Number of protein chains: 2
Amino acid sequence: MPVQERSIDTVQSIHEATIQVLLQVGSEKLTTVRVAERAGVSVGTMYQYYPNKQALLYTVLEEHLTALMEEVERACRGSAGAEVAAMVENVVSAFIQAKLRVRQKSLVLYEVSPQFRQDGLMKRIAKRGRQAIAAMLRSTKAIPPEEVEFASLMFYSTLTGTVATVLAKGAPASMLEAARRHLIVMLTAYLTALSTES
Amino acid sequence: MPVQERSIDTVQSIHEATIQVLLQVGSEKLTTVRVAERAGVSVGTMYQYYPNKQALLYTVLEEHLTALMEEVERACRGSAGAEVAAMVENVVSAFIQAKLRVRQKSLVLYEVSPQFRQDGLMKRIAKRGRQAIAAMLRSTKAIPPEEVEFASLMFYSTLTGTVATVLAKGAPASMLEAARRHLIVMLTAYLTALSTES
DNA sequence: ACCTGAACACCGTTCAAGT
DNA sequence: ACCTGAACACCGTTCAAGT
């Protein structure tokens with residue numbers, strides 16, 4: 001990994017070039033030479049910092065997902081102790097906003113992500129999201145403690161699943177607003193049902 | 001496409017070989033020669049029936065997803081006119097059962113599917129699922145007609161998103177049962193909230 | 001009508017040589 | 001310490017020749 005300053009620049013530009021190539025030609029046609037060219041270096045240089053093409057894509061995807069999760073965590077922390085309805089609204093809105101900001105990037109990276117299902121990257125990211133949500137849910141008395149763990153799994157998968165589906169449809173802004181509204185209705189109704197069930 | 005009988009066998013065995021190879025070595029190491037060998041034919045033969053490797057995978061994935069969707073459609077048709085709670089229970093249970101039956105296959109094919117995001121395969125399948133759900137929801141007076149379309153999108157994406165997340169975790173049977181229970185609570189609460197909102 | 005497999009093109013990866 | 005790019009291996013695809 002980089003030591004001198006120019007090599008830090010190199011890594012940075014390879015990283016950016018990867019995203020650019022992904023956006024321009026898609027994951028199918030992303031070749032190591034193309035990325036290197038775009039970054040203004042030779043293939044060999046790329047291989048000095050990444051053991052292979054997969055590792056390169058992995059790094060880019062990981063950074064992207066981590067940034068996204070950090071927004072979710074922020075919203076969760078900021079909603080600790082709030083009403084259930086407010087929690088839901090805050091987290092859903094934060095996630096949708098964050099996704100919208102990186103919409104194109106999200107879509108192309110989605111093509112790449114299944115390769116890493118086994119590496120457990122998605123699992124790790126999901127875990128982070130669920131834990132943040134769980135911590136938030138535990139801060140209210142409304143939800144039975146024994147339901148919190150599963151409720152956060154449901155919360156997380158519903159949120160990410162729905163937004164992914166809607167964005168994949170090439171949805172217009174109006175549809176995303178509808179999705180936001182419906183997600184809030186659904187998750188609030190769900191959490192309320194859990195709290196009154198016992 | 002096949003005309004004589006032996007060629008129908010050939011296509012069939014190529015199809016099966018694809019799934020076998022996928023299960024044995026994963027999508028990353030699936031090569032055309034490997035599939036052909038496993039099917040007991042030469043590469044050239046494979047290219048007589050499929051224009052390229054992608055088309056082969058596409059066909060296999062399409063068949064898999066279509067079979068899955070048909071189960072959802074069946075459950076939806078069978079629940080027309082039922083109570084909202086029964087509708088939800090029937091469809092959720094049917095989907096989870098169907099998924100369980102083809103669990104391994106689902107997991108490896110998931111690695112392949114993002115390639116076809118642009119082809120609109122996933123979109124078409126999703127549309128089928130949503131339409132079946134929408135038809136079912138329209139059969140009850142409980143849900144405001146103007147909400148039906150979006151409600152079916154939410155229903156579909158929640159169901160598929162959650163089950164995918166849980167299966168990806170390598171979930172034990174107990175967890176799937178919990179997912180089933182929670183999905184039913186969530187979707188019933190959601191649809192009920194929609195019906196009492198106006 | 002269907003099948004074969006050697007030949008070709010393309011791409012991931014390496015490594016000897018350079019600054 | 002970092003970079004280059006020709007060379008190699010592997011894999012998707014084609015096509016002339018076969019039954």
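It should be emphasised that the depicted structure is a prediction, and the values quoted were computed from it without experimental measurement. Basis for what follows: all heavy atoms, side chains included, without hydrogens, waters or symmetry-related copies. Below, chain A is the first sequence line, B the second, and so on; all start at residue 1.
Residue Asp9(A) contributes atom CG, which lies 14 Å from atom C1' of dA1(D) at whole-angstrom precision. Straight-line distance from the CD1 atom of Ile8(B) to the C1' atom of dA1(C): 12 Å, rounded to whole Å. Straight-line distance from the CD atom of Glu37(A) to the P atom of dG5(D): 10 Å, rounded to whole Å. Protein atom OH of Tyr49(A) is 8 Å distant from nucleotide atom C1' of dC3(D), rounded to whole Å.
Contact annotation for Tyr50(A): no contact, since no heavy-atom pair falls under 4.0 Å across all strands. Across all strands shown, Gln48(A) has heavy atoms under 4.0 Å from base atoms, whether or not it also approaches the sugar-phosphate.
Aromatic ring centroids of Tyr190(B) and Tyr190(A) lie 6.0 Å or more apart.
A donor-acceptor contact closer than 3.5 angstrom is absent between the side chains of Glu71(B) and Gln97(B). Checking Ser106(A) against His64(A) by side-chain atom types alone, a donor-acceptor pair falls below 3.5 Å. For Thr165(B) and Ser157(A), the side-chain atoms include no donor-acceptor pair closer than 3.5 Å. In this model, a donor atom of one side chain and an acceptor atom of the other lie less than 3.5 Å apart for Gln12(A) and Glu16(A).
No more than 12 heavy atoms of other residues, nucleotides or ligands lie within 6.0 Å of CD in Glu149(A), so this atom counts as exposed by the packing criterion.
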Exercise for review: Would you give a per-nucleotide map of nucleotides 10-16 of chain D, 5' to 3', where B means the base has a protein non-hydrogen atom under 4.0 Å away, S means only the sugar-phosphate does, and - means neither?
Suggested key: -SSBBB-
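Not one side-chain nitrogen or oxygen of Thr10(B) sits closer than 4.0 Å to the OP1 or OP2 atom of dC2(C). For dC2(D), one of the phosphate oxygens OP1 or OP2 lies less than 4.0 angstrom from a side-chain nitrogen or oxygen of Ser7(A).
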Exercise for review: For DNA chain C, just give me the dot-bracket, please: Watson-Crick or G-U, both distances below 3.5 Å, ( ) intra-strand, [ ] crossing earlier pairs, | paired with another strand, . unpaired.
Suggested key: ||.|||||...|||||.||
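Ion pairing between a basic and an acidic side chain is recognised when a charged N comes within 4.0 Å of a carboxylate O; Arg34(A) and Glu37(A) show no such pairing.
Ser13(A) places a side-chain N or O within donor-acceptor distance of the main-chain N or O of Asp9(A), the cut-off being under 3.5 Å.
Relative ring orientation between Phe116(A) and Tyr58(A) is described as perpendicular, the plane-to-plane angle rising above 60° on a 0-90° scale split at 30° and 60°.
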